[in-house]
Amino acid sequence: MKSKHYNVFVIGSGIAGQTAAIACAEKGLSVAISDNREFGGTCANRGCDPKKVLIQFSDLLEQTQRLKGLGVSKLPEIDWKAVQNFKSQFVDAIPKNTETNLKDLNIDLYHQSPEFVNENEILVEGKSITADYFVIATGNIPRELPIPGNEYLETSDAILDLEAIPKSASFIGSGYIGMEFATMLSILGCKITVFDYNSSALSHFDPFLVAQLQLKMEELGVTFVFNAEVTAIEKLNKNLRLHYTLSGKKHTHKSRNVFNTAGRVPSIGMLNLESANIDYDDSGIIVNAHLQSKTNARVYACGDVSNASLPLTPLSGLQGSIVGKNITYGNVKAFQFPIVPSTVFTQPNIASVGLSEDDAKKRYKDIIVYKGNLSHGYNAKKENAAVYAYKILVNKRTETIVGAHLLSAEANETINIFVMAMAQEMTVSEFKRLIFTYPSYSIDLKYMLKN
Ligand SMILES: Cc1cc2nc3c(=O)[nH]c(=O)nc-3n(C[C@H](O)[C@H](O)[C@H](O)COP(=O)(O)OP(=O)(O)OC[C@H]3O[C@@H](n4cnc5c(N)ncnc54)[C@H](O)[C@@H]3O)c2cc1C
Ligand SMILES: NC(=O)c1ccc[n+]([C@@H]2O[C@H](COP(=O)([O-])OP(=O)(O)OC[C@H]3O[C@@H](n4cnc5c(N)ncnc54)[C@H](O)[C@@H]3O)[C@@H](O)[C@H]2O)c1
């Protein structure tokens, strides 16, 4: 068997793996990277980027639906085939461009999952490879649901590649992915039912806002079935029959497609981590502050697959760059959780940064809660939007913002203004002294902080 040695072998070519590999190669280390799918990772190939290309069309349709009779007389017709072609222009180039960028830096590429043989050796493409350091950046994959008929379940990959909008579809899971695609497909004319074993959707988001989002989605035609245990999927002629129990009673529901959006788990099953003494749990590879495996110092893990991350693209990139620095300069940088905003691209968007109300109340002695509805305000009225709500949490002693939660058409952008305010530890008075453009959604943020 052929053998080879590298300074660094990276497993996974998403944002985390690429960033680490490039940082090491730029410092003159010999680097290789492997991926068992197309190069470029989830976000660019089958996640955030193609998703937003598609969702902008359902957003456009929803926006014009709201303005129908107020100036819009005819709704735009969405040509889904053309939309898919447009999306392909972005996505199809990603794997080749990623490979070219990496090769230009003299990084060797492998197209298979490696398997650890011992603490410093892997097998890949029939070669035995040793390395001074390994970086595991294999991301997350959809959680498999152990139910009869699970072979009929499809994942977000299939939604992104739909050739036509189905007449009906069911989602198992009302988290980020379920809620975003349920909204999109519903606006595009698909009859959607969302099942979750929880008692509400988006359990990590503020319940005051989630309840209003749920109502809006119901108006768009989405049906929610909470506290439901999905027990089986049965293939019919054209449709699938989903079997579930609710309060101990058996029910069924028929739809064309059933999408598994029940969460994502670390992609570590093929790596044979036990042979290399790399500890992991359900949340991923267990790392120390330097993102180094606690049990095998040759191994670093970054991005979704590390147990020190949240599965979001900006955090994966940050962790990849920290691992690159720690390998090249010797554990110089500890990972500290930054202020991390996140948005669910529903209609309207729900976005959040910092503490929830419950956590803020646990952490600080006195909290001021600014909470309300701006559906009567200028912006919502102008676009004839029925839903626009917020909750901002302020530490009363320091007058600083410790959490912000927004539900609005522009929440994905305006939440970033709260990120800056929180990073600067601005007081509410300082924030309100800022001048923002008018009319804008940003200026509403100051209004939200009125007594
Ligand atoms: C539908 C969808 C929408 C999303 N939308 C957003 C969003 O709007 N905003 C946001 O911040 N985040 C979003 N995310 C999450 C975001 O995509 C991830 O957090 C991010 O891509 C993680 O980057 P990563 O480099 O850690 O992992 P990944 O990008 O997943 O890269 C891991 C790579 O490792 C490869 N791999 C896996 N196992 C092996 C193996 N055994 N051997 C070799 N290679 C392997 C994979 O093929 C992949 O290329 C979304 C995710 C999905 C699925
Ligand atoms: N806009 C974004 O930033 C974005 C978009 C998509 C994904 N992501 C990232 O990807 C991660 C994964 O997203 P996701 O939507 O797959 O997971 P999620 O964890 O957000 O949601 C999973 C949902 O499925 C439900 N569920 C789990 N098992 C179930 C079962 N057996 N039956 C019924 N319901 C079940 C859970 O209660 C939960 O509501 C997210 O945590 C997020 O960080 C981010």
Side-chain angles (χ1 to χ4, degrees), residues 10-20 33-52 54-55 94-95 98 110-115 122 124 136-147 150 155-157 159-160 171-182 194-205 225-231 244 259-273 284 301-306 309-320 340-346 349-352 412:
V10 179
I11 312 173
S13 70
I15 177 87
Q18 266 181 64
T19 308
I33 186 165
S34 71
D35 204 300
N36 61 353
R37 289 189 66 169
E38 57 277 29
F39 268 57
T42 303
C43 181
N45 284 306
R46 48 186 180 275
C48 344
D49 294 349
K51 170 193 79 187
K52 275 287 277 175
L54 300 186
I55 283 182
I94 300 290
T98 309
Y110 292 84
H111 296 86
Q112 202 183 57
S113 173
E115 201 182 314
I122 53 172
V124 62
I136 303 179
T138 47
N140 284 345
I141 48 173
R143 177 199 312 280
E144 279 183 22
L145 292 175
I147 52 173
N150 62 5
T155 66
S156 51
D157 288 9
I159 307 175
L160 288 165
F171 286 79
I172 308 175
S174 60
Y176 282 78
I177 297 180
M179 292 294 270
E180 288 180 345
F181 287 123
V194 180
F195 297 85
D196 202 301
Y197 61 17
N198 232 326
S199 54
S200 63
L202 293 172
S203 53
H204 299 304
F205 284 80
V225 186
F226 292 117
N227 304 307
E229 192 198 338
V230 178
T231 51
Y244 65 102
F259 298 114
N260 170 8
T261 51
R264 292 170 60 83
V265 295
S267 175
I268 50 181
M270 301 167 88
L271 299 175
N272 202 13
L273 296 177
C302 50
D304 285 6
V305 78
S306 93
S309 192
L310 283 177
L312 295 170
T313 292
L315 270 191
S316 291
L318 173 66
Q319 289 206 338
V340 186
S342 109
T343 298
V344 189
F345 294 95
T346 42
N349 294 167
I350 186 164
S352 169
N412 65 316

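Atoms within a ligand are numbered from 1 in the order they appear, just like the ligands themselves.
- Among all non-hydrogen protein atoms, the one lying nearest atom 44 (C) of ligand 2 is Tyr176 CD2, 3.4 Å.
- Of the candidates Val124, Leu160, Thr313, Thr313 brings a heavy atom nearest to atom 12 (N) of ligand 1.
- Remark: minimum distance from atom 13 (C) of ligand 1 to any protein heavy atom is reached at Cys48 SG, 3.3 Å.
- With ligand atoms numbered from 1 in the order given, ligand 1 contributes 42 (N), 43 (C) to contacts under 4.0 Å with heavy atoms of Ile11.
- Neither the backbone nor the side chain of Ile141 has a heavy atom within less than 4.0 Å of ligand 1.
- Atoms of ligand 1 lying under 4.0 Å from any heavy atom of Ser13, numbered from 1 in the order shown and given with element: 33 (C).
- Taking the six-membered ring where the residue is Trp, Tyr176 and Phe205 present perpendicular rings, their angle passing 60° and hence far from 30°.
- Among protein heavy atoms, the minimum distance from atom 10 (O) of ligand 2 is reached at Pro311 O, 4.0 Å.
- Given atom 8 (O) of ligand 1, the protein heavy atom at minimum distance is Lys51 NZ, 2.6 Å.
- Assignment of Arg46 to the shell around ligand 1 is supported, since a heavy atom sits closer than 4.0 Å.
- Nearest protein neighbour of atom 12 (C) of ligand 2, counting heavy atoms only, is Arg264 CD, 3.8 Å.
- Those atoms of ligand 1 that come under 4.0 Å of a heavy atom in Pro311, given as number and element, are 15 (C), 19 (O).
- Checked by atom type and distance alone, the side chain of Glu180 pairs as donor or acceptor with a backbone atom of Phe345 at under 3.5 Å.
- With distances taken over non-hydrogen atoms, the option nearest atom 37 (O) of ligand 2 out of Val194, Asp196, Asn260 is Asp196.
- In this structure, atom 38 (N) of ligand 1 lies nearest to the protein heavy atom Ser267 OG, 2.8 Å.
- The closest approach between a heavy atom of Leu310 and any atom of ligand 2 is not below 4.0 Å.
- For atom 6 (C) of ligand 2, the nearest non-hydrogen atom from the set Thr261, Val340, Ile177 belongs to Ile177.
- Comparing Ser200, Gly175, Pro341, Cys48 by heavy-atom distance to atom 23 (C) of ligand 2, the nearest is Gly175.
- Of all atoms in ligand 2, listed by their number and element, those nearer than 4.0 Å to a heavy atom of Phe345 are 1 (N).
- Where the criterion is an N or O separation shorter than 3.5 Å, residue side chain and backbone included, Val305 fails it with respect to ligand 1.
- Of the heavy atoms in Ser342, none comes closer than 4.0 Å to ligand 1.
- Contacts of Cys43 with ligand 1, taken as heavy-atom pairs under 4.0 Å, involve both backbone and side chain.
- From the protein, the heavy atom lying nearest to atom 34 (N) of ligand 2 is Tyr197 N, 3.3 Å.
- At a 4.0 Å heavy-atom cut-off, ligand 1 touches Ser113 through backbone and side chain alike.
- Between Glu180 and ligand 2, a contact under 3.5 Å exists for at least one N or O pair.
- Looking at atom 31 (N) of ligand 2, its nearest protein heavy atom turns out to be Leu145 CD2, 3.6 Å.
- At a 3.5 angstrom cut-off on N or O pairs, Arg264 does not count as close to ligand 1.
- Among protein heavy atoms, the minimum distance from atom 3 (O) of ligand 2 is reached at Leu312 CD2, 3.4 Å.
- Near Pro114, meaning under 4.0 Å from any of its heavy atoms, are these atoms of ligand 1: 42 (N).
- Heavy atoms of Phe345 approach ligand 1 to within less than 4.0 angstrom.
- Annotation: atom 29 (O) of ligand 1 to nearest protein heavy atom, Thr42 N, 2.8 Å.
- Between the choices Ile350, Thr343, Asn198, Val344, the shortest heavy-atom distance to atom 1 (N) of ligand 2 belongs to Thr343.
- Residue contacts with ligand 1 for Leu271 involve side-chain atoms from C-beta outward but no N, CA, C or O (heavy atoms, distance under 4.0 Å).
- Residue contacts with ligand 1 for Thr343 are absent, since no atom lies close enough (heavy atoms, distance under 4.0 Å).
- The shortest N/O to N/O separation between Asp35 and ligand 1 falls below 3.5 Å.
- For atom 19 (O) of ligand 2, the nearest non-hydrogen atom of the protein is Gly263 CA, 4.2 Å.
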